[in-house]
Amino acid sequence: MLEHISQFTAWPILTGLIIGYIANRIMRGEGKGCCLNLIVGIAGSYVGTFIGALLHVDLLGSGYLKNFIFCVLGSIVVLWIWKLIFDSKK
């Protein structure tokens, strides 16, 4: 039973870190660190799923590459909103 719990928690964390890092590199970020990359990656996954639903793209069971692309796209949107909010205060 513990193997299933570790699989369930390890993959979202690992993919969240990777997605957040890739989105940060695309947005030419200064490097936000592992924790913020994880948060951006997870939030971006939800935003990417929402974007897919708006575009009527079925992401459920459609393959890892399509899901990964939409998650990175969602993370880019999250970082763009982040920069609008926090860079405008400077």
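Counting from 1, the numbers follow the sequence of the chain as shown.
With hydrogens and angles disregarded, no donor-acceptor distance shorter than 3.5 Å links the side chain of Lys83 to the backbone of Val78.
Under the side chain to side chain contact (heavy atoms under 4.5 Å, CB included) criterion, Ile81 pairs with Val77, Ile85, sequence neighbours left out. Among residues two or more places apart in sequence or in another chain, the side chain to side chain contact (heavy atoms under 4.5 Å, CB included) test is passed with Leu38 by Ile13, Leu17, Ile42. For Phe50, the side chain to side chain contact (heavy atoms under 4.5 Å, CB included) test picks out Leu54, with sequence neighbours left out. The side chain to side chain contact (heavy atoms under 4.5 Å, CB included) check on Leu55 picks up Ile51, Val57, Phe70, with sequence neighbours excluded.
Under the 4.5 Å side-chain heavy-atom criterion for ILVMFWY residues, no single connected hydrophobic cluster contains both Tyr21 and Ile26.
Arg25 CZ to Ile76 CD1: the interatomic distance, rounded to the nearest 0.5 Å, is 12.5 Å. Interatomic distance, CZ of Phe68 versus CD1 of Ile18, reported as 6.5 Å (0.5 Å rounding).
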Check the pair Trp82, Leu36 against side chain to side chain contact (heavy atoms under 4.5 Å, CB included), reporting the backbone distance first and the verdict last.
CA-CA 11 Å; Trp82 177 278; Leu36 197 54; 3.9 Å; yes
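The two residues Ser45 and Ser75 come nearest to each other via the heavy atoms N-OG, 4.4 Å. Contact record, Ile19 with Cys71: CD1-CB, 3.5 Å, taken as the closest heavy-atom pair.
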